[in-house]
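Let me begin by handing over the structure; questions about it come next.
Values below: every heavy atom of this structure, side chains too, minus hydrogens, waters and symmetry copies. This one's a predicted model, so the numbers in the text were calculated from it and none came from an experiment. Below, chain A is the first sequence line, B the second, and so on; all start at residue 1.
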Protein chains: 2
Amino acid sequence: MGDESDRTGKMTAALRKAGIRVTRQRIALLAVLAEAVDHPDAVELHERAKRLEPTVSLATVYRTLSVLEEEGVVHRHSFQGGGARFETTHEDHHDHILDIDTGEVIEFQSNKIEQLQEEIARELGYDVVHHRLELYCRKKL
Amino acid sequence: MGDESDRTGKMTAALRKAGIRVTRQRIALLAVLAEAVDHPDAVELHERAKRLEPTVSLATVYRTLSVLEEEGVVHRHSFQGGGARFETTHEDHHDHILDIDTGEVIEFQSNKIEQLQEEIARELGYDVVHHRLELYCRKKL
DNA sequence: GTTTGTGCAAAGCATTTGCAGCTGG
DNA sequence: CCAGCTGCAAATGCTTTGCACAAAC
C-alpha cells in the first residue's frame, strides 16, 4: 500500500512536472494503473477507474493514457488480437510471453537477445531505436 | 518471368487444393503478390490488382487475403502504425527490421535468437507456438 | 443448375476529435 | 477568472459482413 501510493505520487508528480492539471479523473486512472499487475486494455482500465470516480469517460481514459505515454509513465503494447494494453513503466526493460489460451502476460528479460538484435541491425547498417519481441506460447503439459 | 508464373501457378494450385474456386479477381491478386518484393498493405495490393483486373474490389482483396493466410500462402504482419501488410510465404522463416523513416522492410534471420527464445519459454514452462520480432531502426550515418 | 464468389454499401471495433460546458490553480 | 479538462456524440481508419447478382464447375 505504501508502495502503491508512492507510485501514484510519482505519477501525479510527473503530471505536475509536465504542466498538466491534476484532475479527479486522472488521479483515479493513475491509482488504477499503479495497482494493476496485469496488462489491462483501455476498456478494462475505464471500468476499474469508474469504481473510484464514476464520472470518468472512456475518451478521457484514452486521452490520459496518451499523455502518460508521452511522458514515459506508461507503455502501450499492441499484442495480437484486440486492442492496446497498458502497463506502468518500470525500471528494467523487458519483453513479453503471451499465453495463447488464457491471454495472460508474462514478462521476461534477455540481455543476450538484446545484444544479438543490435549486432544484426549494425551489420545491416542500422541502429535499433526500439523493438518488439513477443512469444506467443502454450503451457507445457 | 518463369519464376513468377511458377509462383502464381503454385498459388492457384493451392486454391484448387483447398477446394476454392479460381476466379479472375483471385488470379490478379495472386499475380500481384507473386511479383511483390516489398510488404504491401491491402489498399496497395488492391491498386496493383486493379491494373490487371479492374473489377476487383477491396472487399475481395481482404477476403482473398484471409483465405490465403489460412492456407499458409501469405503472411499477415501488423507492424506499428497503419494497417496490416502482406507477403507471400517463403521457405525460410525470418523476422523484420523496419526503417522508421522510410517504412522500408528488411528481412533477417537469426537461429541464435530463435534458440534463446525457446530456451526462455521452456524455463518458464511454455512452448513457443509463434513469435513476433521487429526491430524499429534508423539508418546509421 | 447449384454452390460459391463478388461488388456495393452498411456495419464493426478500437481509438480520436469537435464542441459546449465544467473546473482546477 | 481563464486556460485547460471533460463528457458526449459524431468521426475516423481499417477491416468485415449482409445481400442480391454474377460466374465457376
Side-chain angles (χ1 to χ4, degrees), chain A residues 11-32 39-71 73-86 103, chain B residues 11-32 39-71 73-86 103:
Chain A
M11 289 175 162
T12 49
L15 287 185
R16 284 226 152 76
K17 196 180 126 213
I20 291 161
R21 286 188 186 168
V22 181
T23 64
R24 268 174 296 120
Q25 306 52 359
R26 285 177 177 169
I27 290 168
L29 181 57
L30 289 174
V32 162
H39 294 64
D41 63 15
V43 172
E44 177 63 28
L45 288 168
H46 180 216
E47 269 159 22
R48 295 184 195 176
K50 268 194 293 192
R51 297 203 271 268
L52 302 178
E53 174 53 60
T55 70
V56 204
S57 73
L58 184 54
T60 289
V61 169
Y62 275 113
R63 279 189 281 235
T64 304
L65 285 170
S66 293
V67 173
L68 294 175
E69 191 188 10
E70 276 163 29
E71 294 300 316
V73 180
V74 304
H75 274 143
R76 176 192 305 253
H77 301 292
S78 299
F79 301 131
Q80 286 178 3
R85 299 172 64 171
F86 301 82
Chain B
M11 288 177 163
T12 48
L15 286 185
R16 284 227 152 75
K17 196 180 127 211
I20 291 163
R21 286 186 186 169
V22 181
T23 64
R24 267 174 295 119
Q25 303 57 355
R26 284 175 179 169
I27 290 168
L29 181 57
L30 289 173
V32 163
H39 295 63
D41 63 15
V43 172
E44 179 62 29
L45 288 168
H46 180 216
E47 268 159 23
R48 295 184 195 176
K50 269 193 293 193
R51 296 203 272 268
L52 302 178
E53 174 53 60
T55 71
V56 205
S57 72
L58 183 54
T60 288
V61 169
Y62 275 113
R63 278 190 281 235
T64 304
L65 285 170
S66 293
V67 174
L68 294 175
E69 190 189 10
E70 275 163 30
E71 294 301 317
V73 180
V74 304
H75 275 142
R76 177 192 303 253
H77 301 292
S78 299
F79 301 131
Q80 285 179 3
R85 300 172 63 170
F86 302 83

Can you tell me the distance, in whole Å, between the CZ atom of B/Arg24 and the P atom of C/dT6? 9 Å
To the nearest Å, how far apart are A/Leu58 CG and C/dT17 P? 14 Å
Within this structure, what is the CD1-to-C1' distance between B/Ile20 and D/dA23, rounded to whole angstrom? 17 Å
Does the distance from a Lys or Arg side-chain N to an Asp or Glu carboxylate O, for A/Arg48 and A/Glu44, drop under 4.0 Å? yes
Shortest side-chain distance from B/Val22, nucleotide among D/dT17, D/dC25, D/dT15: D/dC25
Mark yes or no for a side-chain to base donor-acceptor pair under 3.5 Å between A/Arg21 and D/dA3, with no hydrogen or angle criteria applied. yes
Phosphate OP1/OP2 of D/dC8 contacted by A/Ser57 side-chain N/O (<4.0 Å): no
Given side-chain contact (heavy atoms from CB on, under 4.5 Å), test B/Gln25 with B/Ser57 step by step and report yes or no. CA-CA 8 Å; B/Gln25 303 57 355; B/Ser57 72; over 6 Å; no
Rounded to whole angstroms, how far apart are CZ on A/Arg85 and P on C/dT15? 12 Å
Look up atom CZ in B/Arg26 and atom CD1 in B/Ile20, then write down how far apart they are to the nearest 0.5 Å. 6.0 Å
CZ of B/Arg63 to CG of B/Leu58, rounded to nearest 0.5 Å, is 10.0 Å
Counting only heavy atoms not in A/His77, do more than 12 sit closer than 6.0 Å to its NE2 atom? yes
Less than 4.0 angstrom between a side-chain N/O of B/Arg26 and OP1 or OP2 of C/dT6, yes or no? yes
Whole angstrom value for the distance that separates P of D/dT15 from NE2 of B/His77: 14 Å
A/Val43 near the nucleic acid: base, sugar-phosphate alone, or nothing, with a heavy-atom cut-off under 4.0 Å? nothing
Checking D/dT6, C/dA9, D/dT15 against the side chain of A/Thr64 (C-beta onward), the nearest is D/dT6
Over how many whole Å does the gap from A/Glu53 atom CD to C/dT23 atom C1' extend? 12 Å
Please check the phosphate of C/dG7 (OP1 and OP2 only) for any side-chain N or O of B/Gln25 closer than 4.0 Å. yes
C/dT15 phosphate, OP1 or OP2: any side-chain N/O from A/Tyr62 under 4.0 angstrom? yes
CD of A/Glu70 versus P of C/dT16: gap in Å, rounded? 11 Å
Assess whether one donor atom and one acceptor atom, taken from the side chain of A/Arg63 and the base of C/dG18, lie less than 3.5 Å apart. yes
Counting only side-chain nitrogens and oxygens, does B/Thr23 get under 4.0 Å of the OP1 or OP2 atom of C/dT4? no
Whole-Å distance separating the NE2 atom of B/His46 from the P atom of D/dC14: 14 Å
At 4.0 Å (heavy atoms only), tell me whether A/Val56 reaches a base, stays on the sugar-phosphate, or touches nothing. sugar-phosphate
